[in-house]
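Reviewing the structure listed below.
Heavy-atom basis, side chains included; hydrogens, waters and symmetry copies ignored. Nothing here was measured: the structure is a model prediction, and the numbers come from that model. Convention: sequence-line order gives letters A, B, ...; per-chain numbering from 1.
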Amino acid sequence: AQSVTQLDSHVSVSEGTPVLLRCNYSSSYSPSLFWYVQHPNKGLQLLLKYTSAATLVKGINGFEAEFKKSETSFHLTKPSAHMSDAAEYFCVVSYTGTASKLTFGTGTRLQVTL
Amino acid sequence: GAVVSQHPSRVICKSGTSVKIECRSLDFQATTMFWYRQFPKQSLMLMATSNEGSKATYEQGVEKDKFLINHASLTLSTLTVTSAHPEDSSFYICSASPSTGSSYEQYFGPGTRLTVT
């Protein structure tokens, strides 16, 4: 079965400092990996996705993630946090090719302080 | 583009009654739609996958007679919670996968908060 593990349930950073949200996935031949963000009372928004192309994936709002097969990781990073980045972040995996079933991690709540 | 709406955004109903939640893809056609449930401060759990014109596929442990799903058109799927009980109170989120383009793309609705009293 496919699964993802988000290693931190809560991360707090100061505005302007780097962000690192960690995600590990269960090994599979060809996973597709995603990061979604959920702001309060808003729908999930796709930040970025990896689908077996370039291992370093750039997303919206300055976020990026690197697919590391040897470590089965897909950590999300941002060089400089902004107050508006405060939200819940979900790492998501899919292994099926069509109308994919997504399996969500447990989420990481990012807090950004002044 | 790729907007998914849900209606209502929040609903309160009495125990024993039924409530219907609509999920619409506003600017694209979606052969497949998904229904998720999210408990407070927890992740999203896939409840069922619905394909236009056919029966929904339910995940293990989800009662198909309690959570009725209908996907009558390429832009509308509905979830009806029948004989609701307080334990059904949750945040229900739908997503839609476009009929054309990348098959792994899913666009999420804003969610419906159901409270059963």
Worksheet item: For A:Glu88, is it the side chain, the backbone, both or neither that has a heavy atom under 4.5 Å from a heavy atom of chain B?
Response: neither
Fill in: same_hphob_cluster(A:Phe74, A:Leu7) at 4.5 Å side-chain heavy-atom cutoff
no
Worksheet item: Should we count NZ of B:Lys20 as having more than 12 external heavy atoms under 6.0 Å?
Response: no
Worksheet item: Does one hydrophobic cluster hold both A:Leu48 and A:Leu56, with members joined at side-chain heavy-atom distances below 4.5 Å?
Response: no
Item to complete: Side chain from CB out, backbone as N, CA, C, O: work out which of these in A:Leu46 comes under 4.5 Å of a heavy atom of chain B, or both, or neither.
Response: side chain
Worksheet entry | In one Ile/Leu/Val/Met/Phe/Trp/Tyr side-chain cluster, 4.5 Å: B:Leu68, B:Leu76 | no
Worksheet item: For B:Leu44, is it the side chain, the backbone, both, or neither that has a heavy atom closer than 4.5 Å to a heavy atom of chain A?
Response: both
Discussion item. Quick check on the hydrophobic clustering: are B:Met33 and B:Tyr92 connected, directly or via other members, by side-chain heavy-atom contacts under 4.5 Å?
Written reply: no
Worksheet item: Would you say A:His39 has more than 12 foreign heavy atoms packed within less than 6.0 Å of its NE2?
Response: yes
Practice prompt. Check A:Tyr36 against B:Gln106 and note the closest heavy-atom contact, atom names and distance.
Written response: OH-O, 3.5 Å
Item to complete: Apply side-chain contact (heavy atoms from CB on, under 4.5 Å) to A:Leu102 and B:Tyr36, showing your working.
Response: CA-CA 10 Å; A:Leu102 302 181; B:Tyr36 297 84; 3.7 Å; yes
Worksheet entry | Check: B:Ser43 side chain, A:Gly105 main-chain N or O, donor-acceptor pair, under 3.5 Å | yes
Worksheet item: Which bit of B:Gln6 is near chain A, if near means a heavy-atom gap under 4.5 Å: side chain, backbone, both or neither?
Response: neither
Practice prompt. Check the hydrophobic clustering (I, L, V, M, F, W, Y; side-chain heavy atoms under 4.5 Å; chains of links allowed) and say if B:Leu79 and B:Val4 are grouped together.
Written response: no
Worksheet, complete the sentence: Interatomic distance, CD@A:Gln45 vs OH@B:Tyr107, rounded to 0.5 Å, equals 11.5 Å
Item to complete: Between chain A and each of B:Gln42, B:Met45, B:Gln38, count heavy-atom pairs under 4.5 Å; write down the option with the most.
Response: B:Gln38
